[in-house]
Structures are given as C-alpha cells and as structure tokens.
*Asks:* 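Please find one structure pasted underneath; my questions will follow.
The first residue in the sequence is number 1, and the count goes up from there.
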Amino acid sequence: MSGIPGVTLRGIEALPVEVEVEITGGLFAISIVGMPDVAVKESKERVRAALRSLGLTLKGRISVNLAPADIPKEGALLDLPIALGMMKATGTLNNCPRALYMGELALDGRLRRVRGAVPAAFLAKQMNIPLYVPSENAEEVALVNGVEAYCADSLEELTLMLMGNEDPRPVPPAYIPDLNTNADPDFADIKGQKQARRAAEIAAAGHHNLLLVGSPGSGKTLIAKALAGILPPLTDEELVETLLVRSTLGIDTKPTRERPFRTVHFTASTVSVCGGGNNLRPGEVSLAHRGVLFLDEYTEFRRDLTESLRAPIEDGVITVSRAAGTVTYPSRVLLVLAANPCACGYAGDPAMKCTCTSSDIERYKKKLSGPIMDRIDLQISVPRLTPEELLSFTNKGDPPESSAVIRERVIKARKIQQDRWREYGLVCNAELPEKLVKRCLTLPDDTRSYLASMAVKLNLSGRGLSRVLKVSRTIADLAGEEQITKKHLAEALMYRQGYGRG
C-alpha cells in the first residue's frame with residue numbers, strides 16, 4: 001500500500017506525512033489515526049462531502065493512517081491528500097504521481113487556502129518532488145526559487161490534471177512590487193527633533209535598537225512610525241524568512257519588500273509577544289522579524305514580558321518550549337521603545353510642571369534600567385515642542401529632509417554592510433557577534449584610549465562597549481568612511497548617555 005504524501009507543520013518547518021487509506025467491508029465508518037488534532041479529525045466530513053460532489057459515494061469501513069504516527073498532525077492541510085488517498089483506494093484515481101499535496105476542501109470540492117505553503121515549498125524542493133497547492137497559495141509559493149509547483153481551484157480540476165485529461169497548471173511567476181516610496185508619516189512633516197531624527201536614521205541603517213523618552217505629545221510615536229518609511233527594502237533571503245513566519249500563521253498578506261512594523265500594546269500577554277500556546281504559534285517578536293517591533297508606553301509593560309525579550313533581542317531567535325514540544329522561531333527585530341520620563345510624564349518639561357517627587361522619579365527610572373536597557377543602542381530624549389513651534393508653517397534654518405532622501409542614505413549604508421559581512425553570513429552591523437567585533441572593528445591607538453576613558457566614565461558593560469562600537473561603525477558607514485574615528489565614537493557615546501543612567 002503506497003501512501004499519498006502530505007505535510008504538517010512544526011513551527012516554521014514543514015514535516016512530511018504519508019497518508020495511507022484502507023477500505024474494508026462492513027458498516028460505513030471513517031477513522032483517522034496518527035495523532036490528529038481536532039481539525040484533522042473533522043476532515044473526514046469535508047472530504048466525504050467533497051467526494052460526493054464528484055459523484056463518488058464512500059462505503060464500508062475506511063481507515064486513514066497518518067504516518068509517522070508519533071508526530072502530531074494539525075490543521076486542514078491534510079484534507080487534499082486524504083481525499084486523494086480515498087479516491088485511490090476505491091479505484092477512482094489510478095494515476096497519482098508522487099508529489100506533495102496540501103489544501104483544505106470545501107463541501108463542494110473547492111480548494112481553500114491553507115497556512116504553511118512556504119515551508120511546504122521548501123520541503124518539496126528538498127524532497128525533489130512537485131508540490132500541488134490551492135490557487136490562493138500560488139503567489140507565496142512562487143517566491144521559493146527552484147520548486148516545481150502546480151495549483152488548482154478544485155478537487156475536480158486537480159483530479160483531471162493527475163489523470164492526464166487536463167494540462168497541469170504551473171504556479172505563475174511571482175510579482176513583488178517595488179518598495180512604496182510614499183512614506184506616511186514622512187520625516188519632512190515632523191517639526192524639530194533633529195537629534196531624534198538622526199538617531200532614527202542610524203537605527204534604520206544598522207538595525208540598532210532605539211529608545212525614545214519624552215513628555216506626552218512630544219512626537220515619540222510619530223517618529224517611531226516614520227522610522228518604517230526609511231528602512232531599506234527586504235532582500236530576497238529576508239523576504240523568504242518573513243514569509244515563512246507569516247505563512248506558518250496563515251496571514252493573508254501580499255508579497256512585498258516593505259519590512260514588517262508591529263506595534264504591541266502594554267496589555268498584551270507574554271505568549272502573544274513571544275509565541276507559544278497549544279500549537280506553539282509564533283508571536284509578535286517573530287512576526288516583526290527583519291522589521292520593527294514597537295513597544296509604546298514601555299514602562300507600563302509587565303516585568304516578566306520585558307525580561308522575556310532579552311534573549312531574542314540578543315540572539316535573533318526565540319525558543320518556545322511547552323509540554324507539546326519545542327520550536328525555534330527567528331526574531332531578528334529592530335526594537336523601538338517609547339516611554340515617558342516619569343509617572344506624570346512631565347519631568348524636565350519646560351511648560352508643564354512635574355508633580356512627582358524625587359523618589360517617585362527614581363522608582364520610575366528603575367523600570368527603564370537593567371539588562372534590557374543595556375541592549376538598547378540609542379537612547380534619545382524627545383523634548384516637547386512649544387505651541388509656537390508646532391503652529392509654525394515654516395521651519396527655521398535648513399528644511400527637514402524627506403523620508404525618501406534619508407532612505408537613500410540608509411540603503412547605501414546597508415549595502416556597504418552587506419558587502420562587508422557577506423562572508424560571515426551577516427547583513428548589518430547590529431548582528432555582529434562579539435568575536436567579530438574584536439577582530440574586525442579595530443581602532444587607532446588614540447581613538448582606543450578615548451573610548452577606554454569614556455567607558456569608565458559612563459560605566460559601560462562589555463555588551464554596552466560592543467554596542468557603542470557597532471553604532472560607531474554604522475555612523476561611519478553613513479558618512480562613507482572606512483575607518484571609525486573619534487568623531488563617530490563621540491556621537492555613538494552620546495546616544496548611550498540616555499535616560500536612566502543617573
């Protein structure tokens with residue numbers, strides 16, 4: 001008995017499943033074994049109705065085995081291979097080429113979109129066999145180079161293809177639109193905040209974490225959202241990485257080179273941010289992979305949630321361990337935090353009086369200090385503008401640059417980094433491991449002594465010192481300079497003297 005190959009998901013990895021069907025005499029019954037979840041168990045009703053729409057009525061006792069039996073099977077991905085297995089067992093389908101089949105069946109035989117098509121495409125490519133998917137999954141499957149994939153709208157159409165009565169319909173070539181250059185909000189529309197704008201540019205160029213501290217209404221959220229408009233486009237490899245996570249969740253998004261931008265509210269649970277649950281699903285930190293994870297009102301987040309972000313920020317991956325198993329998801333994010341300077345929000349504000357006591361302010365500062373703050377490369381104070389500055393329709397001095405102009409500099413700096421670190425498999429300065437920081441980011445003697453003295457003065461940890469060097473390298477890349485100089489170090493150190501250092 002030869003089975004029909006299907007797939008199930010384990011994190012962002014697709015695992016092969018062999019669907020075996022046996023039909024014997026007796027009263028009609030369908031049993032599915034092999035650790036199926038509820039969705040898989042319910043597939044027998046969908047498959048039965050879909051086959052009836054083709055004029056095939058099932059009879060006898062039908063046993064469906066999903067091998068290997070010790071791997072949990074989840075979702076509606078196996079509807080199609082189960083239906084094909086039943087058709088083969090009844091003799092209706094004599095010619096069923098070895099390929100990977102996936103798809104959810106409607107009661108009338110239509111094929112519906114399923115999650116996990118991108119991991120399945122990689123699995124089919126690895127197994128060197130074709131992949132058959134619903135037409136709604138064709139666009140994302142086409143982004144995987146080197147896979148032989150076909151699509152169909154219904155079980156009837158697929159059956160005609162397999163029997164040779166209709167030509168197979170290859171997955172059409174993927175079309176990825178260019179990066180949208182109309183940023184909204186645009187940096188040209190932001191009044192003042194020159195230092196914060198500069199920090200956002202450095203963060204985008206080197207993928208460095210950013211903290212914005214300021215009074216309510218100072219423009220922290222606006223700057224964070226404008227940051228998305230100056231990020232470089234996703235490369236082909238990064239696009240596939242982001243699609244793997246989104247495909248695992250079944251998010252119906254069009255392929256685009258725009259980097260993810262995920263905003264998390266402080267009422268979010270740790271599972272929703274880090275991932276987990278019964279099905280070990282990815283969280284917001286993985287959905288923001290290669291993009292921005294924005295935590296507004298950071299001081300309102302629970303301590304256990306913020307501490308759980310320490311490992312993924314540092315390692316670029318997050319491991320979710322539950323009783324159901326362990327999976328690892330990518331989480332290479334640009335973390336952007338926004339917070340008020342104190343509980344009332346007006347410490348240091350020129351117009352509003354702060355009502356907090358000194359002990360209240362110190363207690364509030366502790367929410368921003370600690371291991372997470374050591375992982376924030378750029379810590380910026382965002383002062384609130386006066387009503388006169390906000391209402392002015394002209395900008396004093398040089399007019400602010402648009403997001404398009406800043407993006408061009410960011411793309412150029414990121415290209416320099418990609419060329420420099422390609423042999424190490426890295427794409428930006430923020431990804432540099434400690435051994436490469438020591439080996440590759442060398443400094444002249446006078447610059448090294450300057451950094452050593454400032455490290456003592458600012459009480460920088462080993463991680464903090466390493467991050468200063470990475471930010472300095474990004475500043476030099478933006479300036480198009482080969483060597484890190486004292487000027488670049490001074491600017492990077494200025495961003496480490498942020499809020500919460502006393």
Side-chain angles (χ1 to χ4, degrees), residues 183-185 190 196 199-200 203-204 207-229 231 242 245-246 248-253 258-313 318 320 322 329-346 363-373 375-376 378-380 382 384 498-500:
D184 184 27
I190 299 177
H207 209 72
H208 300 290
N209 300 326
L210 174 66
L211 167 68
L212 302 169
V213 179
S215 304
S218 59
K220 304 184 297 295
T221 303
L222 184 64
I223 293 169
K225 291 181 177 179
L227 173 63
L231 292 172
T242 59
V245 180
R246 294 194 306 224
T248 301
L249 278 176
I251 298 177
D252 187 10
T253 54
E258 293 185 10
R259 293 183 180 268
F261 186 94
R262 307 290 296 189
T263 301
V264 180
H265 194 262
F266 59 80
T267 57
S269 66
T270 303
V271 170
S272 68
V273 176
C274 297
N278 294 333
N279 295 330
L280 298 175
R281 297 164 73 86
E284 291 291 335
V285 71
S286 298
L287 287 170
H289 177 62
R290 297 298 182 186
V292 175
L293 180 67
F294 178 42
L295 274 59
D296 202 0
E297 303 296 342
Y298 172 69
T299 52
E300 300 299 326
F301 282 81
R302 299 193 318 275
R303 185 64 178 260
D304 63 314
L305 191 154
T306 58
E307 293 303 312
S308 65
L309 292 174
R310 288 161 55 177
I313 292 173
I318 183 167
V320 181
R322 300 291 186 273
Y329 291 112
S331 59
R332 183 72 64 184
V333 299
L334 194 170
L335 183 65
V336 179
L337 310 178
N340 295 327
C342 66
C344 76
Y346 296 105
R363 193 180 306 112
Y364 192 85
K365 280 186 177 183
K366 290 180 180 179
K367 296 182 179 181
L368 286 171
S369 60
I372 288 290
M373 291 300 295
R375 290 166 168 82
I376 304 300
L378 307 163
Q379 304 169 22
I380 302 299
V382 184
R384 193 156 63 98
Y499 183 81

*Asks:* Can you confirm whether Leu231 sits close enough to Val292 that some side-chain heavy atom of one is under 4.5 Å from a side-chain heavy atom of the other?
*Replies:*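 Yes. Closest side-chain heavy atoms under 4.5 Å.
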*Asks:* List the atom of Arg332, the atom of His207, and the distance in Å for their closest heavy-atom pair.
*Replies:*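 Answer, listing the atom of Arg332 first, then His207: O-NE2, 3.6 Å.
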*Asks:* Calculate, to the nearest 0.5 Å, the distance between atoms OG and NE2 belonging to Ser272 and His265 respectively.
*Replies:*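 Interatomic distance, Ser272 OG to His265 NE2, rounded to 0.5 Å: 12.0 Å.
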*Asks:* Any chance you could measure Leu309, atom CG, to Glu307, atom CD, to the nearest 0.5 Å?
*Replies:*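 One gets 9.0 Å once the value is rounded to the nearest 0.5 Å.
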*Asks:* Between CG of Leu337 and CG of Leu212, what distance do you get to the nearest 0.5 Å?
*Replies:*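 Atom-to-atom, Leu337:CG and Leu212:CG are 8.5 Å apart.
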*Asks:* Test side chain to side chain contact (heavy atoms under 4.5 Å, CB included) on Val333 and Val285; report intermediate values, then the result.
*Replies:* CA-CA 7 Å; Val333 299; Val285 71; 4.3 Å; yes
*Asks:* Between Ala339 and Thr299, what is the shortest heavy-atom contact and its length?
*Replies:*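 Looks like CB-CG2, 4.1 Å.
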*Asks:* Could you tell me which residues satisfy side chain to side chain donor-acceptor pair (under 3.5 Å) with Thr263, sequence neighbours excluded, listed by chain and number?
*Replies:*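 With sequence neighbours excluded, Thr263 shows a side chain to side chain donor-acceptor pair (under 3.5 Å) to no residue whatsoever.
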*Asks:* Please tell me if the side chains of Pro330 and Val245 come closer than 4.5 Å, counting only heavy atoms from C-beta onward.
*Replies:*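 Yes, their side chains come closer than 4.5 Å.
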*Asks:* Enter the distance from Ser218:OG to Arg384:CZ here, rounded to the nearest 0.5 Å.
*Replies:*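 Output value for this atom pair is 8.5 Å.
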*Asks:* How far does NE2 of His289 sit from OG1 of Thr242, to the nearest 0.5 angstrom?
*Replies:*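 If I round to the nearest 0.5 Å, the distance is 7.5 Å.
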*Asks:* Parallel, tilted or perpendicular: which one describes the rings of Phe266 and Phe301, with boundaries at 30° and 60°?
*Replies:*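 Correct class here is perpendicular.
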*Asks:* Taking all non-hydrogen atoms of both residues into account, name the closest pair between Ile190 and Ala226 and its distance.
*Replies:*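 Scanning both residues, the minimum pair turns out to be CD1-CB, 3.9 Å.
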*Asks:* Where do Asp304 and Thr270 land on the side chain to side chain donor-acceptor pair (under 3.5 Å) test, with the steps shown first?
*Replies:* CA-CA 8 Å; Asp304 63 314; Thr270 303; 3.2 Å; yes
*Asks:* Supply the atom-to-atom distance Cys274 SG to Tyr329 OH, rounded to the nearest 0.5 angstrom.
*Replies:*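 Cys274 atom SG to Tyr329 atom OH measures 12.5 Å (nearest 0.5 Å).
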*Asks:* Do you know which two heavy atoms are closest between Gly345 and Pro216, and how far apart they sit?
*Replies:*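 Taking Gly345 first and Pro216 second, the nearest heavy atoms are O-CD, 3.2 Å.
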*Asks:* Would you list the pairs meeting salt bridge (Lys or Arg N to Asp or Glu O under 4.0 Å) in which at least one residue belongs to residues 212-226, sequence neighbours left out?
*Replies:*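 Pairs touching residues 212-226 that pass the test: none.
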*Asks:* Quick one: does Leu210's side chain get under 4.5 Å of Leu335's, heavy atoms only?
*Replies:*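 The answer is no; the side chains never approach within 4.5 Å.
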*Asks:* Test your reading of the model: is there a side-chain donor-acceptor pair from Asn209 to the backbone of Val336, 3.5 Å cut-off?
*Replies:*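 Flag not set: sc Asn209 to bb Val336 has no pair under 3.5 Å.
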*Asks:* Between Ile380 and Val213, is there a side-chain heavy-atom distance shorter than 4.5 Å?
*Replies:*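 The answer is no, as the side chains (C-beta and beyond) never meet within the 4.5 Å cut-off.
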*Asks:* Are the side chains of Asn340 and Tyr346 in contact, using a 4.5 Å heavy-atom criterion?
*Replies:*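 Of all side-chain heavy-atom pairs linking Asn340 with Tyr346, none is under 4.5 Å.
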*Asks:* State, with a plain yes or no, whether a side-chain heavy atom of Ile372 is found less than 4.5 Å away from one of Tyr298.
*Replies:*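 Yes, close enough: below the 4.5 Å cut-off.
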*Asks:* Report the C-alpha separation of Ile376 and Leu378 in whole Å, then their side-chain angles, then the decisive distance to 0.1 Å, and conclude whether the side chain to side chain contact (heavy atoms under 4.5 Å, CB included) test is met.
*Replies:* CA-CA 6 Å; Ile376 304 300; Leu378 307 163; 5.7 Å; no
*Asks:* Between Leu249 and Pro282, which heavy-atom pair has the shortest distance, and what is it?
*Replies:*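 For Leu249 versus Pro282, the nearest heavy atoms are CG-CG, 3.6 Å.
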*Asks:* Grab the two heavy atoms, one from Leu227 and one from Ala204, that are nearest each other, plus how far apart they are.
*Replies:*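 Minimum heavy-atom contact is CD1-CB, 3.8 Å.
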*Asks:* Which salt bridge (Lys or Arg N to Asp or Glu O under 4.0 Å) pairs, counting each pair once, include a residue from residues 264-285, with sequence neighbours left out?
*Replies:*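 Those involving residues 264-285 are Arg262-Glu284.
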